[in-house]
Asks: 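Structure below; questions to follow.
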2 protein chains.
Amino acid sequence: MIYAGRMPVTVLLVDDEPLVRAGLRAVLEAQPDIEVVGEAADGAAVIPLVRQLRPDVVAMDVRMPLLDGIEATRAVLRTVADPPKIVVITTFENDEYVYEALRAGADGFLLKRARPAEIVHAVRLVAEGESLLFPAAVRELAGAHGRLRGNPDAVAALERAALTGREEEVLRLMARGLSNAEIAARLVVGTETVKSHVSSLLAKLGARDRTQAVITAYESGFVAPG
Amino acid sequence: MIYAGRMPVTVLLVDDEPLVRAGLRAVLEAQPDIEVVGEAADGAAVIPLVRQLRPDVVAMDVRMPLLDGIEATRAVLRTVADPPKIVVITTFENDEYVYEALRAGADGFLLKRARPAEIVHAVRLVAEGESLLFPAAVRELAGAHGRLRGNPDAVAALERAALTGREEEVLRLMARGLSNAEIAARLVVGTETVKSHVSSLLAKLGARDRTQAVITAYESGFVAPG
DNA sequence: GCCCGGCTCCCCCGCACGGGGGAGACGATC
DNA sequence: GATCGTCTCCCCCGTGCGGGGGAGCCGGGC
């Protein structure tokens with residue numbers, strides 16, 4: 001089921017906005033093992049292109065003129081033999097269409113503002129035959145408003161905390177696994193200073209130790225995986 | 001923010017078939033750390049029972065008379081403060097209702113023919129706040145071999161690690177911010193045992209301390225925010 | 001002028017943590 | 001029967017961590 005040797009992964013981009021297509025192309029083409037073999041501006045053009053180009057993956061916007069991503073997904077899966085994997089792309093959190101697309105047989109979905117690494121990863125995953133939902137994307141979907149998103153309790157904890165600039169720096173470095181001594185070296189201050197900041201931010205976050213503080217950082221979206 | 005030492009995980013079973021309820025009860029009650037606190041035969045009875053019993057987890061069939069699992073999920077999440085985690089149960093793979101339920105806010109789902117160990121595992125996972133998309137239930141549903149998502153380095157580290165079942169449990173609890181003593185209490189073992197598992201998994205993960213291990217867990221998608 | 005908050009650094013101190021050992025029980029595998 | 005891995009628990013030991021203090025410096029606000 002895993003095609004280790006198939007190089008490169010071929011991708012067809014389908015989006016009505018040229019800018020989005022260009023962005024996806026740039027992100028994907030930067031990978032040596034991914035090749036964008038074609039583009040389309042609406043769902044109606046997808047089927048002939050899929051037949052002609054035989055891409056491994058179709059990255060497709062859900063909202064398009066003429067034929068939207070849901071209908072296009074259905075059409076491809078119904079009419080094309082050995083169909084490509086389909087990743088639907090959406091701009092909006094909690095897009096109803098996404099669920100429709102998944103039911104229609106899409107293999108995954110992504111938010112347009114996902115980080116490049118996530119997009120690349122998603123394409124690779126579906127190309128390998130993984131049919132799964134991407135936690136990061138779901139997190140975004142479920143997520144909220146503003147800079148922080150995630151577990152409401154964690155967000156609340158971090159907002160209530162009102163960390164100072166230095167404390168935020170220290171928390172970020174803690175969330176990268178650095179010890180107090182390493183943080184001190186990085187910030188060019190003494191370890192006692194770092195300990196002071198750490199104690200302060202632990203108290204503000206209501207965390208017992210650095211591990212709990214880092215958890216809060218992840219849960220709140222203050223730092224993000226990937 | 002941090003959910004410490006909640007000892008028996010309390011579960012409410014909701015299914016129209018008494019046989020299924022009996023089976024679930026037998027499977028779950030066999031675990032010392034899981035307690036079935038109530039049962040209901042249809043979705044309409046769920047809300048008062050949730051209010052009365054305050055279960056940690058509701059295991060709920062999707063297809064039921066009167067009020068199905070999707071509507072019941074929506075109702076619980078809309079009307080109950082500090083709602084329980086909800087695991088929906090389905091007989092069929094690729095059940096359309098499952099997507100509906102997830103969209104309604106369910107935290108996980110299970111196939112009825114899952115092995116007892118998987119059912120128990122799923123209940124523990126959602127009780128710990130684990131993400132719905134990662135666990136074995138999804139692999140089962142997707143029919144594919146499970147794979148981690150996220151930072152490739154972190155994923156690689158976790159896959160290379162080949163953690164034992166116990167080590168995975170310990171890592172999950174570490175990622176909820178629990179101390180060794182708390183993990184020991186939760187798993188009903190000695191603190192020395194936990195330390196042993198912690199040392200072992202730290203070595204396998206190439207992590208220097210528990211904070212770095214938790215970071216790897218988040219980065220790889222082994223645990224997910226939210 | 002004064003005061004306050006942030007950043008810096010220092011002390012002492014207790015303890016959880018993690019490393020390095022070892023060992024018995026159990027089940028699976030050979 | 002012997003072997004292996006897992007889970008369990010024990011020892012010692014050093015140290016990084018975090019709590020509780022205090023203190024000097026600086027900039028902005030009153």
Side-chain angles (χ1 to χ4, degrees), chain A residues 157-217 222, chain B residues 1-2 4-5 30-33 115-118 120-121 124 136 157-217 222:
Chain A
L158 238 169
E159 282 173 348
R160 253 188 287 105
L163 300 184
T164 68
R166 209 54 160 169
E167 287 162 356
E168 286 195 2
E169 280 187 86
V170 171
L171 178 55
R172 264 180 238 285
L173 294 173
M174 284 167 60
R176 293 174 57 175
L178 302 197
S179 67
N180 289 341
E182 288 166 344
I183 293 171
R186 183 73 68 92
L187 297 181
V188 199
V189 297
T191 58
E192 296 298 329
T193 302
V194 174
K195 286 179 61 176
S196 172
H197 291 311
V198 169
S199 289
S200 174
L201 73 87
L202 288 183
K204 286 182 178 178
L205 292 177
R208 179 180 52 198
D209 50 45
R210 67 203 295 110
T211 303
Q212 288 190 351
V214 169
I215 289 168
T216 299
F222 179 77
Chain B
M1 170 184 42
I2 304 299
Q31 305 302 315
D33 61 331
R115 291 186 302 274
E118 284 180 321
V120 168
H121 193 57
R124 287 211 187 94
L158 243 171
E159 283 176 346
R160 251 187 289 105
L163 299 184
T164 68
R166 211 52 161 169
E167 287 162 357
E168 286 195 2
E169 280 188 86
V170 170
L171 177 56
R172 261 181 240 287
L173 294 173
M174 283 167 62
R176 303 308 303 176
L178 274 61
S179 68
N180 288 341
E182 287 166 344
I183 293 171
R186 181 72 70 94
L187 298 181
V188 199
V189 296
T191 58
E192 295 298 330
T193 301
V194 174
K195 285 179 62 176
S196 172
H197 291 311
V198 169
S199 290
S200 174
L201 73 88
L202 288 182
K204 286 182 179 179
L205 293 177
R208 180 179 51 198
D209 51 44
R210 67 202 297 107
T211 303
Q212 288 190 350
V214 169
I215 289 169
T216 299
F222 179 77

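Atom set for the values below is all heavy atoms of this structure, side chains included, hydrogens, waters and symmetry mates excluded. For clarity, every value in this text was computed on a predicted model and none was experimentally measured. Letters A, B, ... mirror the listed sequences (proteins, then strands); counts begin at 1.
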Asks: Of the non-hydrogen atoms in Ala207(A) and Ala213(A), which two are nearest, and what is the gap between them?
Replies: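 Smallest interatomic distance, heavy atoms only, reads CB-N, 3.7 Å.
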Asks: Between Leu202(B) (CG) and dT15(D) (P), how many Å, whole number?
Replies: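 So the CG-P distance, Leu202(B) to dT15(D), works out to 19 Å.
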Asks: Does some side-chain heavy atom of Leu171(A) sit less than 4.5 Å from a side-chain heavy atom of Glu168(A)?
Replies: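 Counting from C-beta outward, Glu168(A) and Leu171(A) never come under 4.5 Å.
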Asks: I want to check something: taking the side chain as every heavy atom from C-beta on, are Arg210(B) and Asn180(B) in contact at a cut-off of under 4.5 Å?
Replies: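 The answer is yes; the side chains approach within 4.5 Å.
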Asks: What residues, two or more places apart in sequence or in another chain, satisfy salt bridge (Lys or Arg N to Asp or Glu O under 4.0 Å) together with Glu192(B)?
Replies: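 With sequence neighbours excluded, Glu192(B) shows a salt bridge (Lys or Arg N to Asp or Glu O under 4.0 Å) to no residue whatsoever.
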Asks: Heavy atom of residues 184-196 of chain A under 4.0 Å from DNA chain C: which residues?
Replies: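 DNA chain C contact set from residues 184-196 of chain A: Val189(A), Gly190(A), Glu192(A), Thr193(A), Ser196(A).
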Asks: Gln212(A) CD to dG18(D) P: how many Å, rounded?
Replies: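 Going from CD in Gln212(A) over to P in dG18(D) covers 10 Å.
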Asks: Begin with the C-alpha distance, continue with both residues' side-chain angles, and end with the deciding distance and a verdict on salt bridge (charged side-chain N to carboxylate O under 4.0 Å, His left out) for Arg166(A) and Glu169(A).
Replies: CA-CA 5 Å; Arg166(A) 209 54 160 169; Glu169(A) 280 187 86; 3.0 Å; yes
Asks: To the nearest 10°, let me know how far the axis at one end of the helix from dG1(C)-dC30(D) to dC30(C)-dG1(D) is tilted from the axis at the other, five pairs an end.
Replies: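 Between the first-five-pair axis and the last-five-pair axis there is 40°.
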Asks: Can you tell me if the side-chain N/O atoms of Thr164(B) get under 4.0 Å from OP1 or OP2 in dG5(D)?
Replies: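 No, because none of the side-chain N or O atoms of Thr164(B) sits under 4.0 Å from OP1 or OP2 of dG5(D).
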Asks: In Å and rounded to the nearest 0.5 Å, what is the CG to CD1 distance from Leu178(A) to Ile215(B)?
Replies: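 It comes to 8.0 Å.
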Asks: Counting only side-chain nitrogens and oxygens, does Asn180(A) get under 4.0 Å of the OP1 or OP2 atom of dG16(D)?
Replies: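 For dG16(D), neither OP1 nor OP2 has a side-chain N or O of Asn180(A) closer than 4.0 Å.
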Asks: Specify the separation, in whole Å, of atom CD of Glu167(A) and atom P of dG18(D).
Replies: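 For the pair Glu167(A) CD and dG18(D) P, the rounded distance is 14 Å.
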Asks: Between Lys204(B) and Thr164(B), what is the shortest heavy-atom contact and its length?
Replies: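 In this case the closest contact between Lys204(B) and Thr164(B) is NZ-CG2, 3.8 Å.
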Asks: Can you tell if the side chain of Glu182(B) reaches within under 4.5 Å of the side chain of Leu173(B), non-hydrogen atoms only?
Replies: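 No, every pair of side-chain atoms sits at 4.5 Å or beyond.
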Asks: What pairs of donor and acceptor atoms, side-chain ones from residues 194-201 of chain B against any protein atom, are under 3.5 angstrom apart with sequence neighbours left out?
Replies:
| from | atom 1 | to | atom 2 | distance (Å) |
| --- | --- | --- | --- | --- |
| Ser199(B) | OG | Lys195(B) | O | 3.1 |
| Ser200(B) | OG | Glu167(B) | OE2 | 2.6 |

Asks: Starting from C1' on dG18(D), measure out to NE2 on His197(A) and report it in whole angstrom.
Replies: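 Value for this atom pair: 15 Å.
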Asks: What is the distance from atom CZ of Phe222(A) to atom CG of Leu205(A), rounded to the nearest 0.5 Å?
Replies: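 It is 9.0 Å, given to the nearest 0.5 Å.
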Asks: Return the CZ to CD distance between Arg176(A) and Gln212(B), rounded to the nearest 0.5 Å.
Replies: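 It is 11.5 Å, given to the nearest 0.5 Å.
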Asks: What range of DNA chain C does chain B touch, first nucleotide to last, counting atoms under 4.0 Å from its heavy atoms?
Replies: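 In short, chain B contacts DNA chain C from dC17(C) to dG19(C).
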Asks: I'd like a table of atom pairs between the protein and nucleotides 25-30 of chain D - only N or O on both sides, under 3.5 Å - with the distance next to each one.
Replies:
none

Asks: Return the value, rounded to whole Å, for the distance between atom CG of Leu201(A) and atom P of dC17(D).
Replies: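 Going from CG in Leu201(A) over to P in dC17(D) covers 13 Å.
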Asks: Any side-chain heavy atom of Thr193(A) sitting closer than 4.5 Å to one from Leu187(A)?
Replies: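 They are not in side-chain contact.
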Asks: Between Gly165(A) and Asp209(A), who's closer to the 5' end of DNA chain C by nearest nucleotide?
Replies: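 Whichever sits nearer the 5' end wins; that is Gly165(A).
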Asks: In the structure I gave you, are the side-chain heavy atoms of Ile183(B) and Met174(B) within less than 4.5 Å of one another anywhere?
Replies: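 Of all side-chain heavy-atom pairs linking Met174(B) with Ile183(B), at least one is under 4.5 Å.
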